[in-house]
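See below for the structure under consideration.
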Amino acid sequence: MASHVFALVDCNNFYASCEKLFRPDLATTPVVVLSNNDGCVVARSKEAKKLGIKMGVPLFQVRDLMQKHGVMAFSSNYALYADMSQRVMSTLEQLAPRVEVYSIDEAFLDLTGVAHCLDLTALGLTVRHTIQKWTGMTVCVGIAPSKTLAKLANHAAKTWQKTGGVVDLTSKVRQRKLLGLLPVHEVWGIGSKLTKRLQQLGMDTALQLAEADPKFIRQHFSVVVERTVRELNGESCIDLEEVAPTKKQIVSSRAFGERITDKQQMHEAISEYISRACQKLRKEQQEAKHLTVFLRTSPFSDKDAPYSASKSTALDAPSADTRVFLAKATQLLDALWVNGYRYAKAGVMLADFYDPGVYQPGLFDEPLVQKESDQKLMQLMDNLNTKFGKTIWFASQGVKQEWSMKRELLSPAYTTNWKQLPIVK
DNA sequence: TCTGGGGTCCTAGGACCC
DNA sequence: TCTGGGGTCCTAGGACCC
């Protein structure tokens with residue numbers, strides 16, 4: 001069997017870099033990007049990291065520090081990040097035979113076929129320079145015989161400047177050397193809970209995990225961790241997935257900008273989430289049969305009474321019609337709603353997906369009638385809303401949406417709105 | 001006063017069937 | 001009163017990722 005070669009390409013400080021790209025005046029300024037509702041820090045530029053601002057920290061805890069050092073904050077601007085991501089990914093597709101877009105700022109490349117005829121470090125440098133030149137983004141590249149090792153190689157490329165942003169980890173000797181240097185929690189798939197349990201068994205470094213007996217790990221943990229051990233030893237267990245598998249569930253949920261205490265407002269919010277979820281569903285060209293609605297108070301507040309509840313229902317037949325789900329969601333909300341709480345968040349979840357037209361009704365079920373006019377209406381709505389922004393919607397979604405999220409520090413839509421293009425003076 | 005959103009996979013346990 | 005073994009399907013919950 002031919003051995004695999006993967007590269008992991010990862011943008012440096014992606015969201016923060018997107019914001020800086022169109023603001024050359026901020027080149028050396030520390031920048032952070034905030035979560036929805038401007039609640040916590042979800043991305044930091046290298047200057048902000050240096051100040052000790054941690055990932056995920058609530059904004060109010062670092063406000064003084066930020067003020068003192070002149071840190072610039074932005075609300076998250078997903079339209080901008082998604083567009084920049086697409087530019088990076090389509091550049092990668094021109095540079096490598098097979099690409100798996102793994103997240104908004106990362107992609108795995110399959111270099112198996114080209115590994116023997118090209119110098120891998122040189123190839124990594126080419127990727128880095130091309131992305132830099134064509135998109136303005138800086139990336140690091142990690143190359144290794146398994147995805148887990150490629151992740152670690154990328155981590156090394158980011159951590160040590162003298163690597164020039166590219167680390168070729170195809171040699172066993174280098175693999176072992178790096179594994180010995182890294183704590184076990186840096187390994188892809190090892191989170192905080194597993195780290196604790198591994199440490200209790202005396203495994204503190206990635207190398208100690210790599211040297212554990214896979215059977216022992218299988219017994220004490222799971223197949224997932226066993227696979228990680230094999231991957232750390234250069235045995236590729238996780239394949240490249242060039243085409244994204246169809247989704248198995250769609251979630252739409254948001255924390256509110258202000259607490260909701262009024263049922264009518266909650267109904268608006270739920271209607272909005274249903275509408276978004278159904279639009280995503282139609283974009284996936286799927287129909288769903290299962291719906292969950294949930295709501296809860298803030299889990300962080302000690303003075304609010306805690307309440308968290310969810311209810312699910314199954315449709316008679318799969319659908320992608322917003323109106324069908326709106327009706328069901330309203331029933332679920334009636335059953336869930338309790339007066340007197342200060343609700344902080346709610347959401348809906350669609351599951352149990354089918355390709356349109358393949359669902360088999362039970363013997364005694366009503367035969368399915370899918371009206372063409374219904375599908376056309378949904379399609380028309382989607383077209384209008386994609387083309388012109390949010391243009392038409394259902395009355396139940398409300399107009400003012402006073403509960404909607406806070407985004408007070410939003411940057412302009414530099415790349416996706418003609419009116420907000422940056423101007424060169 | 002202020003703490004994100006959207007996913008996946010695996011496992012255990014219960015219900016049900018023969 | 002005694003009372004098996006094996007299989008499947010579903011769901012809830014836990015863990016992880018970015």
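In the text below, chain A, chain B and the rest are named by the order of the sequence lines, each starting its count at 1. Since the model is a prediction, treat every value here as computed from it, not as a measurement.
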When the P atoms of C/dC18 and B/dT3 are compared, how many Å lie between them, rounded to an integer? 25 Å
Which part of the nucleic acid does A/Val223 contact within heavy-atom distance under 4.0 Å: base, sugar-phosphate only, or nothing? sugar-phosphate
With both distances under 3.5 Å as the test, what is the Watson-Crick or G-U wobble partner of B/dC18? C/dG5
B/dT1, OP1 or OP2 - any side-chain N/O from A/Arg342 closer than 4.0 Å? no
Okay, side chain of A/Ser146, backbone of A/Glu231: is any donor-acceptor separation there less than 3.5 Å? yes
Between B/dC2, B/dT8, C/dC18, which nucleotide has the shortest distance from any of its atoms to the side chain of A/Lys248? B/dT8
By the 4.0 Å heavy-atom rule, please label A/Arg259 as base, sugar-phosphate, or nothing. sugar-phosphate
With DNA chain B as reference, determine whether A/Phe60 or A/Thr246 sits nearer its 5' end, using the nearest nucleotide of each. A/Phe60
Under 4.0 Å between any heavy atoms, over every strand shown, what does A/Ser192 touch: base, sugar-phosphate, or nothing? Just pick one. sugar-phosphate
For A/Ile104, answer base if it contacts any base atom (sugar-phosphate contacts may also be present), sugar-phosphate if it contacts only those atoms, and nothing otherwise; contact means non-hydrogen atoms under 4.0 Å. nothing
Ignoring the backbone of A/Lys193, work out which of B/dG6, C/dC17, C/dA15 is nearest its side chain. C/dA15
So for atom NZ, which belongs to A/Lys133, do other residues, nucleotides or ligands contribute more than 12 heavy atoms lying within a distance under 6.0 Å? no
I want to check one thing: is the phosphate of C/dC17, taken as OP1 and OP2, less than 4.0 Å away from some side-chain N or O of A/Lys151? no
Ranking B/dG4, B/dG5, C/dC18 by distance to the side chain of A/Phe300, first place goes to B/dG4
Could you check whether any side-chain N or O of A/Asn233 sits under 3.5 Å from a backbone N or O of A/Glu235, counting only pairs where one atom can act as donor and the other as acceptor? no
With a non-hydrogen cut-off below 4.0 angstrom, is A/Asp38 in contact with a base, only sugar-phosphate, or nothing? nothing
How many angstroms lie between atom CD of A/Gln208 and atom CG of A/Leu179, to the nearest 0.5 angstrom? 11.0 Å
Walking DNA chain B from its 5' end, the first of A/Arg218 and A/Gln61 to be reached, judged by nearest nucleotide, is A/Gln61
Send over the distance from A/Phe353 CZ to B/dG6 P, rounded to a whole Å. 13 Å
Can you find a side chain N or O atom of A/Arg227 that sits less than 4.0 Å from OP1 or OP2 on B/dC10? yes
Please check if the distance between the ring centroids of A/Trp188 and A/Phe6 is under 6.0 Å. no
For A/Ser222 and C/dA15, is the shortest distance between a side-chain N/O and OP1 or OP2 below 4.0 Å? no
Would you verify whether the NZ or CZ of A/Lys147 falls within 45 degrees of the ring axis of A/Phe108 while also being under 6.0 Å from that six-membered ring's centre? yes
Pick base, sugar-phosphate or nothing for A/Ile190, based on heavy-atom distances below 4.0 Å to the nucleic acid. sugar-phosphate
Under 4.0 Å, heavy atoms only, any strand: does A/Arg276 hit a base, just the sugar-phosphate, or nothing? nothing
At 4.0 Å (heavy atoms only), tell me whether A/Gln249 reaches a base, stays on the sugar-phosphate, or touches nothing. base
Which nucleotide wins on minimum distance to the side chain of A/Ser252, given the candidates B/dG4, B/dG6, B/dT3? B/dG6
What does A/Arg296 touch in the nucleic acid at a heavy-atom separation under 4.0 angstrom: a base, only the sugar-phosphate, or nothing? nothing
May I ask you to say what A/Ser76 touches in the nucleic acid, namely base, sugar-phosphate or nothing, with a heavy-atom cut-off under 4.0 Å? nothing
